[in-house]
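In what follows, every chain begins at residue 1, and chains take the letters A, B, ... in the order their sequences are listed.
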2 protein chains.
Amino acid sequence: MTSKPEYQRIIDFVVSNIESGGFKAGDKIPSENELAQEFDVARMTANRAIKELVHRGVLHRVKGSGSFVSNQHYDQTLVQISSISDLVRSKGAHYAAKVMQLDTLYCDPSLAESFGLAEGSPVYFAEIVHFEDRLPIQLERRWVNASLAQGFLDQDFSTKTTTEFLMEVAPLSRVEYRIAAATPDREIKAALDLGEMEPVLRLRRKTWSFSGVVTEVDLYHPGSRFSFSGYNDFSIGDKSGFQQGR
Amino acid sequence: MTSKPEYQRIIDFVVSNIESGGFKAGDKIPSENELAQEFDVARMTANRAIKELVHRGVLHRVKGSGSFVSNQHYDQTLVQISSISDLVRSKGAHYAAKVMQLDTLYCDPSLAESFGLAEGSPVYFAEIVHFEDRLPIQLERRWVNASLAQGFLDQDFSTKTTTEFLMEVAPLSRVEYRIAAATPDREIKAALDLGEMEPVLRLRRKTWSFSGVVTEVDLYHPGSRFSFSGYNDFSIGDKSGFQQGR
DNA sequence: TAGTGGTCTAGACCACATT
DNA sequence: ATGTGGTCTAGACCACTAG
């Protein structure tokens, strides 16, 4: 019989009060000192419980003021997106990549603005098709800040992914992304072996390192064979999430 | 000059050692006691730093054994999906909903299996179109476990969302979801006022409460006007995420 | 000024790992 | 037996917020 930690009793108390409606969104919950007295524990223990719930997004705190119940999650959900090669391999399938294009471009005004570079600055461009058991599963179109990724053109991206390389030369500090459904152009349609009316699932991502924008990428996936998925567990232990293509 | 907390110095130490390659994935890092001595702080302070990095997924710990560097995230990314009415309102736009259908079905074999119910069990079905400033932005097709959501048919879902109602009667414990690009059927095309070749972005979600499957829903969005997006910050403070339609 | 959270200390006991 | 992380204590000082 492993007994629950003390802080868990406090977590349970707060959570069950929220679930029962005793504490509503915006309500102030008892202070650390009050909880510590109530549960006969040290303040640090109450602090740990509250901090855990802040981590989960259940509560938020204001210094000098108190701890408050955050807005309900409703069905807030997380999608976790990992690299395509990991994904394919984790399914036990064979992964392969084919480099279609790999060379240098010079910034047009729009690219220049996006990367925060001067017009005409060099940017590497790569187009790579990723396969899962011989079936094309992703078309990658990537632009890379040349000044932040020396040696990019010399890599063999059929054995190491662009992401793996970029992670080594420029640790990421920020990512922005967008998932959309799109109509493929002719080239995408050919590369992914798409049906006549088949849409694509597009993930567009922009990545910063400490020194600036490192890379922008469009990842196109066949709508009929690929999706982002995952799950969330609440109330029990905690959240969690994975990603899956199909 | 607000000085950094002590535990932040330890976090920085570990992170920079990982980024510089000093600590590699799988490596054991110094123990709490060693770190505490090294930085001349109490063990609890070192513990806090390490716990923070465990929360971020940078490290993992094994009781009795040590703390280890986890596999690199690469560009793991989070998408946070919130409710459509919150989303529209948070953009300052006008939100409206139109209930197209709201009645009772009886489970066919496939529905029965999904809900864990007997064939022929009653299930509520709702079809609702959500508008952002008069423009259709989401078609919701929802199936609801009748035994877990009494009063569902009596609600006015043009003023309160299905999700809000369900959250009240059956607190969620688990969510599964899948994002895909799809070709709309005729009905979806009409409801969302789609162009001829326009694909839809579909979010399919299945939600459990403690007592079983509560609801399954397909949310269809115009590919040309809607996407899921967000961002992640690393290394600085931490992660974060929002969702946005456009 | 009194209450709150943010941080920190210098101990402690325990369960578990490795040796 | 030793070292590790997991938990907990009973204080403490600080910065911030509120009355």
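The phosphate of D/dC8 (OP1 or OP2) has no side-chain N or O of A/Tyr7 nearer than 4.0 angstrom. Dashed line: the shortest gap from a side-chain N or O of B/Arg48 to OP1 or OP2 of C/dC8 is not under 4.0 Å. For the OP1/OP2 pair of C/dG5 and a distance below 4.0 Å, the side-chain nitrogens and oxygens of A/Ser65 include no atom meeting the criterion.
When rounded to the nearest whole Å, the span between CD of B/Glu32 and P of D/dG6 equals 7 Å. Atom CZ of A/Arg61 and atom P of D/dA15 are 18 Å apart (whole Å). Look at CD on B/Glu52: it is 10 Å from P on C/dT7, rounded to the nearest Å.
Residue pairs meeting the salt bridge (Lys or Arg N to Asp or Glu O under 4.0 Å) criterion with at least one member in residues 35-45 of chain B, sequence neighbours excluded, are B/Glu32-B/Arg43.
Between A/Phe23 and A/Val58 there is no side-chain heavy-atom pair separated by less than 4.5 Å. No side-chain heavy atom of A/Thr162 sits under 4.5 Å from any side-chain heavy atom of A/Val144.
Rounded to the nearest 0.5 angstrom, A/Arg204 CZ and A/Asp218 CG are separated by 4.0 Å. Rounded to the nearest 0.5 angstrom, B/Glu132 CD and B/Ile84 CD1 are separated by 7.5 Å.
Nearest-nucleotide positions on DNA chain D place B/Val62 closer to the 5' end than the other of B/Val62 and A/Lys63. Mapping B/Asn47 and B/Glu34 onto DNA chain D by nearest heavy atom places B/Glu34 at the nucleotide closer to the 5' end.
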Secondary structure string for DNA chain C (Watson-Crick or G-U under 3.5 angstrom, | for other-strand pairs): ||||||||||||||||.|.
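The pair A/Arg178-A/Glu176 fails the salt-bridge criterion, with no side-chain N (NZ, NE, NH1 or NH2) lying under 4.0 Å from an Asp/Glu carboxylate O.
Residues A/Gln8 and A/Asp12 have side chains that bring a donor and an acceptor to within less than 3.5 angstrom of each other.
Two rings, from B/Phe228 and A/Phe228, have their centers 6.0 Å or more apart. Here A/Tyr220 and A/Phe226 keep their ring centres 6.0 angstrom or further from each other.
For the segment residues 37-46 of chain A, the set of residues with a heavy atom within less than 4.0 Å of an atom of DNA chain D comprises A/Asp40, A/Val41, A/Ala42, A/Arg43, A/Met44, A/Thr45, in numerical order.
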